[in-house]
Amino acid sequence: MLFVIWFRFSRLRVASVAAFSTFPIGAGLLAAGLTADAAPYLDLYFGFLASAVATLVWVFLDPLVERMHYPVALTAERIALLTLGSVAAIGATLSAVFAVPDWAWAPAVTMGALVILGLAHGIPLTLHERSAGLRRVGVVVCAAVGLLPAAAAALVSLRTESPIALIWWPLLLGVVVAAGCDVFASRWASVRARGAFSGGALGAGISAAVAFVSVAVVAALPLVNILSARRTAWVGEPFAPLVTPSEQSIAAVLALAAAVIVAGVAWFAARLLSGPRAIGAAWVALVGVAFAIPFLAAPLVIVVVCLALAAAALWVLARFTELSVSLRAPVRTAAILLPALAYIVSFAEFWSWSLASVGAIGVALAFRAASKVEARLFLLLGTVAFLFVSVALAPIAVHEAFPPTGVDRGVAGVAEWLAVAAGAIALILAVPVRGFATALERSGGFVLAAIAGTVAFGWQLQFESAAPGTGIMVPDVVAFAAGVLAVAAIAVWLTAPQNRDASVGRIAAALLAALALWTVVVEAVRILSLVGITIDPAAGAVIPGVVVLIVVVAGYVSALLNADIGRTWTDAGAVILFVGALVAALGSNLPIILLFGALATVVAAIDADGLLRSTSWRRHLGWLALALGVGALWVQLGRADVTSLEPYVLPLSAALLVVAVLVWSFRPSTDRYRLGIAALVFAGLSASLVPLAISDAETTVRSVVVGIVSAVLVIVPLFVPLGDRAVAERTAIALAGATGVVATVARHAQSPGSDIWLAVGFVVLAAGAWGLARLARDAAIPPLERASGVALAVTVAFGGLVALVGVAPDQEVRALVLVSAATAIAVLGFVIRRSPLTPVVGWAGYGVAVLLSISALTIGQIDPFEVVTVPLALGLLVHGWFRMRGSELRSWPALGPGLVVLLIPPLIADYGPSVLWRAVALGVVALAVLVAGLLLRWQAPFVLGGVVLIWHAIAQLWPWISDLYETVPWWLWLGIGGAILIALAARYEHRIQNARSIVASISALR
């Protein structure tokens, strides 16, 4: 007080600051001293409370300034008072928690006083006229006050050790205070007073949220127990309780309900139940309903109530379309969450699970109808997937709930019923119903059904049926019915005009047509075998081929009738079935499957405008049919171990050639028909030449005859002077002959005299390539002329592969001839550069030469290795010399590879056991290369020759150099080295100039 009086009369600011800063502290110390002998922590509480009360003098600062006519506002004093008041209030709150521990209601009294004190501070702050900052501080103070009622209730409940009170009162007090302040702030408070009520609503809302979390945890325990309980599925009773909730859980659920009712009634009475308030109340109500579900106890009752509430939520969505998106969210969540909860709980009992499954599907369909168009596809797919899961679980549920007794005729399992469901769904979606689903949605559902059906049928077919004659079994009948449903659905998808917009579904149906029909036939065969009508396994193995033929014929008929059923995709599905049958028939019945494939391919090749005169791409499938038919014939002949092939292959060739002649008799004017005739000629000749060439025979007479005929077919058509007439047919004949030559040479690759077969065959093929190039130039067909070069390159590569097969030790002469020949061909290909000798042939020749050299060195172990390295090196050098003629090409890219191959291998051999002739030859050759490079001014020979010569000399003289080094004392070598260094240093600049001139001279070489 003395400081205040001093300030009043002296008007000094320091007195004011000192007065208002020390006054709360002094008041607190005085109160604490007076209550020092009171109950524990009570002195602290009163000390902090008195200090907080003393800070209320901030309210009188503005009147004091006005009364004194003081020129400056006392802002610092106000900040000091409010800061001290905040610290004192926090201290009083903390001490109130522990004050008077023996009295349970002490927290209510102590915190009630703090509430009054807080309001005494907060209301004036929020009503302050001049400072917006003080008004914001007032809102914070009121928010802190709003936290205290719920905290006091929690402390009283803890001291009374009442769990029920701890659940109820903090939540209810927080909700009541928050709702009351919110109503006053929104409806009746003035603009200036609204901040205090808003702050109180905020603080009370925070306390209510904290209490809500703790209460929700207790309320959720029964639900958690139900969801996490381990029990045998489907074996319970429909009205047997699943869980017995505790008193605390019951109180928690009732507290949640009471909180929702209190807030809802308050907001509804004040006409505030809209916007965020309604959304929050809806979410809390949804949580309360979910937590209250377990209190229904019986699984059947839980399922019924959940489905009813979900239906109510869907009705709300459909009835009140004007609801906002935010408010529709909890309703949508209820429509999804409650059926899911019912489905999980329903596993405790069979009838509950059945009702939950059906109800969930119905709710999902209704929810889909009330959803946006963009989400309907995914909702439909989810519904169909859930249906398949339920159908798959149904047989297991029936078996668990009603264990079979006695002997029955079999019970259909998961695979069979899943197949039935897939077929039924596919059929339902195949029928377009206006307003139910779009074409894309139906297609998506059908694809999902197709996947499920494929898995189910594949699963079902892997199980063996009962023994023949035991009578019809339920699983086979169900599987047959599922197949019939699938075939009917596919037929509707492909034939209904309304489905033409559902392209995805039609494509999937067309792809599955053959598989579905095959499944029906297989199941029918199973049922026939059960009633005693057995089918020969060999006849049963052709079922896939028959089905493929039926599907392809159906596609052809649709083309004739101009009915679009997606023939291309049905044929693709038939191909899938055919490939599977082909793989399954690799052990047996392969020829008949190939024959059915050939017949089906012939039908697939025919379009509405026929075959021979067709303009469709399908006509080319005729060649595939021909290949399949020939393959069937060859496989059958091979399995029958037939050695006399002429009666089988010659008629086929004659038939194909006759067809070619008949087609040629039309004398078409377009190249398309001429190419077809040429292909027929090639197929007809190859059909005989290749089998006869590769077949086993006791003598080589057949091979000689086939080889001669093939050689004649290669040479004669290409060299007959017919000008540019019948180019395609002559080329086809020559190509067929070349195929026969290749087959004949390959057949004798490992027989005695293989090199003779190889040489003769290579000459014939090379002559054919030259003749083809000549024919192409006469007919002015550049692509055919380029093809002659490729043909010769392939010939070289083929000859190299055949030669590699015969590599063996002690074949130095053979290796020399083969490598020399391959290298010579390579050089000619790069030098001549005219078809058929082109760079492609050159690269092929070099590749063959390298492979032959490596195989001769590794497998053949030839000695000396110069047998293969020298021819290759000489070829590279000749090639490089031709490259340098008439061009500015330097010697390194032209001659470097050849010189490396020539000089480096013997130089490496210097460091092993070396023979005298190799050492002398290497020295002479290296010297000759060095001299040639110097005379011709070529850099590569000069440098490589010099380096190799020096290195070779060191390698050969190394023993003498080593002996000399060991004989002469080390200090003498040191002196010689020092003298050399002194001599070089004496004329350093001159030596550097000499070195540069030498480097420049070498660099100037080409």
Side-chain angles (χ1 to χ4, degrees), residues 627 630 634 645-646 649-650 652-653 656-657 678-697 699-720 727-776 784 787-806 817-818 821-822 825 829 835-838 840-841 844-845 848 852:
V630 172
W634 288 359
L645 302 180
E646 289 82 355
V649 297
L650 292 179
L652 176 62
S653 296
L656 293 174
L657 293 176
L680 283 172
V681 171
F682 171 78
L685 295 175
S686 300
S688 293
L689 293 176
V690 174
L692 294 175
I694 64 176
S695 63
D696 294 328
T699 63
T700 59
V701 176
R702 177 188 290 170
S703 297
V704 172
V705 173
V706 172
I708 292 174
V709 172
S710 300
V712 171
L713 292 176
V714 171
I715 301 299
V716 173
L718 297 177
F719 289 91
V720 170
V727 174
E729 292 83 352
R730 293 158 64 187
T731 304
I733 295 172
L735 183 59
T739 305
V741 172
V742 169
T744 303
V745 174
R747 171 67 180 81
H748 295 278
Q750 292 181 312
S751 62
S754 60
D755 291 339
I756 298 176
W757 289 99
L758 174 60
V760 175
F762 181 81
V763 170
V764 172
L765 294 176
W770 184 75
L772 183 62
R774 175 174 171 272
L775 175 62
L784 187 61
S788 66
V790 176
L792 184 56
V794 173
T795 300
V796 173
F798 170 73
L801 292 176
V802 174
L804 285 174
V805 175
V817 173
L818 291 175
I825 293 173
S835 297
L837 291 171
T838 61
V840 177
V841 177
V848 170
L852 289 174

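Because the structure is a prediction, the values reported are computed rather than measured.
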Handout entry: side chain to side chain contact (heavy atoms under 4.5 Å, CB included) evaluation trace for Val741 with Trp757
Key = CA-CA 9 Å; Val741 172; Trp757 289 99; over 6 Å; no
Practice task
Calculate, to the nearest 0.5 Å, the distance between atoms CG and CG belonging to Leu735 and Leu713 respectively.
Solution key: 11.0 Å
Handout entry: Nearest-0.5 Å distance that lies between atom CG in Leu792 and atom OG1 in Thr838
Key = 7.5 Å
Completion exercise
Interatomic distance, CG@Leu784 vs OG1@Thr731, rounded to 0.5 Å, equals 5.0 Å
Exercise for the section: Apply the test side chain to side chain contact (heavy atoms under 4.5 Å, CB included) to residues Ile825 and Phe762: give CA-CA distance (whole Å), side-chain angles for both, the deciding distance (0.1 Å), then the verdict. Expected result: CA-CA 12 Å; Ile825 293 173; Phe762 181 81; 3.4 Å; yes
Handout entry: Trp770 CH2 to Leu775 CG distance, which is reported to the nearest 0.5 Å
Key = 11.5 Å
Practice task
Mind listing the closest non-hydrogen atom pair of Val714 and Val764 along with its distance?
Solution key: CG1-O, 3.8 Å
Exercise for the section: Please step through side chain to side chain contact (heavy atoms under 4.5 Å, CB included) for the pair Val760 and Val763, ending with a clear verdict. Expected result: CA-CA 5 Å; Val760 175; Val763 170; 5.8 Å; no
Practice task
Write down the atom of Gly737, the atom of Ser710, and the distance for their closest heavy-atom approach.
Solution key: O-CB, 3.3 Å
Problem - Nearest atoms (heavy-atom pairs only) where Pro717 meets Ile733 - result: CG-CG2, 3.4 Å
Exercise for the section: Evaluate the criterion side chain to side chain contact (heavy atoms under 4.5 Å, CB included) for residue pair Val742 and Leu765; output intermediate values, then yes/no. Expected result: CA-CA 9 Å; Val742 169; Leu765 294 176; 4.0 Å; yes
Problem - Minimum-distance pair of heavy atoms, taken over all atoms of Ser788 and Ala769 - result: CB-O, 3.6 Å
Handout entry: For the student: nearest non-hydrogen atoms of Val848 and Ala797, plus distance
Key = CG2-CA, 4.0 Å
Practice task
Write down the atom of Leu818, the atom of Ala803, and the distance for their closest heavy-atom approach.
Solution key: CD1-CB, 3.8 Å
